[in-house]
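Taking it in order: structure first as structure tokens, then the write-up.
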Amino acid sequence: MRLKRTMTCGELTVDNVNQEVNLNGWIATNRDHGGVIFLDLRDRYGKTQVTFNPDIDAELAANARRLGMEDVIAVRGIVQLRPDGNVNPNMPTGSIEVVVSELEVLNESQPLPFLVSDRESGSEDLRLEYRYLELRTAELQNFMALRAKTYGSARSRLTAEGFLEFETPVLMKSTPEGARDYLVPSRIHKGKFYALPQSPQTYKQLLMISGFDKYFQIVKCFRDEDLRADRQPEFTQIDIEMSFVDQSDVLGVATRLARGMFKDILDYDLPEIFPTMKYKDAMEMYGSDKPDIRFDLPLVEFADYAQKTEFGIFKDNLAAGGRVKALVLKNAADKYSRKATDGLTEWLRTYYGLKGLAFVKMEQNAFSAGISKFFPEALQAELIKDLHLEHNDILFFVSDTEARTLQSLGALRLELAKRENLIPEGVIKPLFVVDFPLLDWDEDSQRFIAMHHPFTAPNPDDLELMQSAPGSVRAQAYDLVINGYEVAGGSIRIHTREMQSRMFELIGMDEAEAQARFGFLLKAFKYGAPPHGGIAFGFDRLIMLLAGTENIRDVIAFPKTTSASSLMDEAPSIVDEQQLKELHIKLVE
RNA sequence: GGGAUCGUAGUUCAGCUUGGUUAGAACGCCGGCCUGUCAAGCCGGAGGUCGCCGGUUCGAUCCCGGUCGGUCCCGCCA
């Protein structure tokens, strides 16, 4: 190219007036007034108006007239002040323009499938097909720049704390505990497969055994599970592991890193100490293991009150080991007509399999509507006092199995908060959730499975429960939750062979199977494994929070759809017979 | 695996409720006019397998079934 840029499209100001500059970029808009032609030239630094005046050079203006949106051009010209009254205060470069003397058309663009100036001008599937064009939009340019800045922040913050950055294998052994693995067939080893890492968990533990007491990695992880608005099959973690530490040390690093990143990127000050909540309390108070604590609206334990009602369903569920919990929404009863409550009931039924949602409203000093007739006067008085109920409050009740009660009322809490605008804008509330259970009973396989992963150390205070009541053993596991998103999770790991074997035993993995899957790790534990633990940040979710978006696809350059395909390059795709043959793979119908 | 929802010019949508002659608008595109705009403006034009397959019907963009694709959710995500 002839007119290589001397400046970017975002940096010219009144200070550059009368300078001759070259600009390169894409045509964002063209405004042809018959005479003078205005083009907004765009690169990732900004936009600058360039003008062509036929009075100065008729041929040049005629050439400019033929240009269209997203053509790539290079111009040479003089920076000039815009005439009086023609300054655009909405543009950082709005005081100046470049009066073009030379034009080089670098490449023309076909008519566009959607407007680069307006991300909403194309549906999402169309934008994903032309992702490279969508990435030109201001919004995604900003998100990607923010993401890049966050890589840098994480790296420098961790490096400053003495962490060493590593790379671990992407082709690894399949360890089918937890998420489904993405498998990679081996050409050399017929019938054998690598797996893509769900996380570099075992490698980072081995690095601890190697003596690299502070490890980190910004790393892709792969999980072949169904997608969500905040879940992609390949995603990025900031993976951290440390030796000779306990839970408080890891939470300290996570706190400093999170504070550092929010400071570096948003100049937002997170508290020096993040609040901590026990898993059990989170479930009881918020119906979630990742509660959004930007607003209150806690779940109210209602079992004792329920016994004093004449509502049979509550009592039956309690007798059957179920639960009754309530939510009090202040001063909103008038907004919840029969139609509205029916809508909520239907929503909970469809999404959470809940049979019913009960409610009562406060009318002056008494209950009305819903199931109010099942509440004796004395109980009403008691509730009004205990729950500080006032006119126009509405109480919602859920009664079902414990799991379903907590989950659906937790979901209702979030939904009501959204509807009632209870979630403050611009506020970032971190929370550590701790004391997760070590094990989770799996109905399908009728056995315990590791709630976090099978390398998580039990709480030393609960060791005797491992025999008597495995389901009640607490793990030294923790999550960092920010605004209701699980942003990071980790644990103190088991570092002795004996404890690791006990753990495998608890989840029904016999010695032979443990050897086959994790023999290498068990062997390593015999050679002086230090106590260690760590945490991993979901990098994409972190960027979502920093960017203020609720969609993980917004912060990944080339994301996949909810059916895990890439609309742009059409992955996954069929492959040649020859490729399959080399891999010793035969497709079956 | 299950549920909900969407699919109509290049694009975003309307039309479908109550099936019927020529499926509209805006943006974009093409042409013309216009010397200070910045979402430029004005005039004109081209552009449609109504996602696909099947059914009902004299007749289907519209009703029904299936299917494919997007999105959101449940399950799943150690």
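Within every chain, numbering begins at 1; the chains are lettered A, B, ... in the order of the sequence lines, protein sequences first and strands thereafter.
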Item to check | rU11(B) and rC74(B), which share atom name C1', separated by this distance in whole Å | outcome: 34 Å
Next on the checklist: Quick check on rG70(B): is either OP1 or OP2 less than 4.0 Å from any side-chain nitrogen or oxygen of Ser565(A)?
Outcome noted: yes
Next on the checklist: What contact category does Asp32(A) fall into here, base, sugar-phosphate, or nothing, at under 4.0 angstrom with non-hydrogen atoms?
Outcome noted: base
Checklist entry - Using a cut-off of less than 4.0 Å, is there contact between a side-chain N or O of Ser123(A) and OP1 or OP2 of rG70(B)? => result no
Next on the checklist: What's Ser563(A) touching, base or sugar-phosphate or nothing? Going by heavy atoms closer than 4.0 Å.
Outcome noted: sugar-phosphate
Next on the checklist: What's Arg553(A) touching, base or sugar-phosphate or nothing? Going by heavy atoms closer than 4.0 Å.
Outcome noted: sugar-phosphate
Item to check | Nearest-Å distance for atom pair CD/P, residues Glu70(A) and rC29(B) | outcome: 11 Å
Checklist entry - Heavy atoms under 4.0 Å, any strand shown: does Arg82(A) hit a base, just sugar-phosphate, or nothing? => result base
Checklist entry - Aromatic rings Phe504(A) and Phe518(A): how do their planes relate, parallel, tilted or perpendicular, breaks at 30° and 60°? => result parallel
Checklist entry - Just checking Asp181(A): base, sugar-phosphate only, or nothing, at a heavy-atom cut-off of under 4.0 Å? => result nothing
Checklist entry - What about the rings of Phe38(A) and His33(A), do their centers lie closer together than 6.0 Å? => result yes
Checklist entry - Just checking Pro113(A): base, sugar-phosphate only, or nothing, at a heavy-atom cut-off of under 4.0 Å? => result sugar-phosphate
Next on the checklist: Can you measure Glu570(A) atom CD to rG69(B) atom C1' for me and round it to whole angstrom units?
Outcome noted: 12 Å
Checklist entry - With both distances under 3.5 Å as the test, what is the Watson-Crick or G-U wobble partner of rU22(B)? => result none
Checklist outcome for this item: Of the listed rC38(B), rC76(B), rA40(B), the closest approach to the Asn86(A) side chain comes from rC38(B)
Next on the checklist: Can you measure Met91(A) atom CE to rA40(B) atom P for me and round it to whole angstrom units?
Outcome noted: 11 Å
Item to check | Integer-rounded Å distance: rC13(B) P and Glu124(A) CD | outcome: 12 Å
Checklist entry - Rounded to whole angstroms, how far apart are CZ on Arg127(A) and P on rU12(B)? => result 9 Å
Checklist entry - Is there a donor and acceptor pair closer than 3.5 Å between the side chain of Arg231(A) and the base of rC77(B)? => result yes
Checklist entry - How would you label the contact of Ile37(A) with the nucleic acid (heavy atoms, under 4.0 Å): base, sugar-phosphate, or nothing? => result nothing
Checklist entry - Between Asn30(A) and rU37(B), does any side-chain N or O lie under 4.0 Å from OP1 or OP2? => result no
Item to check | Mate of rC63(B) where both pairing distances stay under 3.5 Å, Watson-Crick or G-U | outcome: rG55(B)
Next on the checklist: Please report the distance separating the P of rU67(B) from the corresponding atom of rU49(B), rounded so that it comes out in whole Å.
Outcome noted: 25 Å
Checklist outcome for this item: Any strand, both distances under 3.5 Å, Watson-Crick or G-U wobble: rU5(B) pairs with rG70(B)
Checklist entry - Between Leu126(A) (CG) and rU71(B) (C1'), how many Å, whole number? => result 15 Å
Next on the checklist: Within the 4.0 Å heavy-atom criterion, would you say Thr51(A) contacts the bases, only the backbone, or no part of the nucleic acid?
Outcome noted: nothing
Checklist outcome for this item: Testing rG70(B), rC27(B), rC72(B) for proximity to the side chain of Leu115(A), the answer is rC27(B)
Item to check | Gln237(A) and Ser199(A): side chain donor to acceptor below 3.5 Å | outcome: no
Item to check | Euclidean distance, atom CG of residue Asp118(A) to atom P of rA26(B) [Å, nearest integer] | outcome: 18 Å
Checklist entry - With rounding to whole Å, what would you report as the distance between rC43(B) and rG28(B) at their P atoms? => result 14 Å
Checklist entry - Given that Asp125(A) and Val36(A) both sit by RNA chain B, which one's nearest nucleotide is further toward the 5' end? => result Val36(A)
Next on the checklist: Categorize Phe114(A) for me: base, sugar-phosphate, or nothing, with a 4.0 angstrom heavy-atom threshold over every strand shown.
Outcome noted: nothing
Next on the checklist: Quick check on rU71(B): is either OP1 or OP2 less than 4.0 Å from any side-chain nitrogen or oxygen of Thr562(A)?
Outcome noted: yes
Item to check | rU56(B) to rG65(B) separation - C1' atoms, rounded to the nearest Å | outcome: 10 Å
Checklist entry - Considering only heavy atoms from C-beta outward, does the side chain of Trp347(A) approach that of Glu415(A) to under 4.5 Å? => result yes
Next on the checklist: Taking any heavy-atom pair under 4.0 Å as a contact, classify Gln407(A): base, sugar-phosphate, or nothing.
Outcome noted: sugar-phosphate
Checklist entry - Using atom P of each nucleotide, how far apart are rC63(B) and rG70(B) to the nearest Å? => result 24 Å
Checklist entry - In terms of the angle between their ring planes, are His453(A) and Phe455(A) parallel, tilted or perpendicular, with boundaries placed at 30° and 60°? => result tilted
Next on the checklist: Tell me whether His33(A) and rG36(B) count as stacked here, given that the ring centres must be under 5.5 Å apart and the planes must differ by less than 30 degrees.
Outcome noted: no
Item to check | Paired nucleotide for rC27(B) [Watson-Crick or G-U wobble; both distances under 3.5 Å] | outcome: rG10(B)
Next on the checklist: Looking only at the side chain of Tyr352(A) (C-beta and beyond, no hydrogens), which of the listed nucleotides rU71(B), rC76(B), rC73(B) gets closest?
Outcome noted: rC73(B)
Checklist entry - What is the distance from atom CD1 of Ile96(A) to atom OG1 of Thr48(A), rounded to the nearest 0.5 Å? => result 5.0 Å
Next on the checklist: Using OP1 and OP2 only, check whether a side-chain N or O of Gln80(A) sits under 4.0 Å from rG36(B).
Outcome noted: no
Checklist entry - For atom C1', what is the distance between rA40(B) and rC33(B), given to the nearest Å? => result 14 Å
Checklist entry - Relative to the ring of Trp441(A), is the ring of Phe448(A) parallel (under 30°), tilted (30 to 60°) or perpendicular (over 60°)? => result perpendicular
Checklist entry - Rounded to whole angstrom units, what separation is found between the CD atom of Glu97(A) and the C1' atom of rG36(B)? => result 8 Å
Checklist entry - Just by distance, do the side chain of Asp43(A) and the backbone of Cys9(A) share a donor-acceptor pair under 3.5 Å? => result yes
Checklist entry - Given the side-chain rings of Tyr478(A) and Phe432(A), with only the six-membered ring counted for Trp, is the space between their centroids under 6.0 Å? => result no
Checklist entry - If we take the C1' atom in both rU8(B) and rA4(B), what is their distance in whole Å? => result 22 Å
Item to check | Euclidean distance for P, rG59(B) against rG20(B) (whole angstrom) | outcome: 15 Å
Checklist entry - Think Arg31(A) has a side-chain N or O under 4.0 angstrom from the OP1 or OP2 of rU37(B)? => result no
Next on the checklist: Given the structure, check if the side chain of Asp226(A) and the base of rG75(B) hold any donor-acceptor pair shorter than 3.5 Å.
Outcome noted: yes
Item to check | Sugar-phosphate only, base, or nothing, as touched by Gln49(A) at under 4.0 Å among non-hydrogen atoms | outcome: base
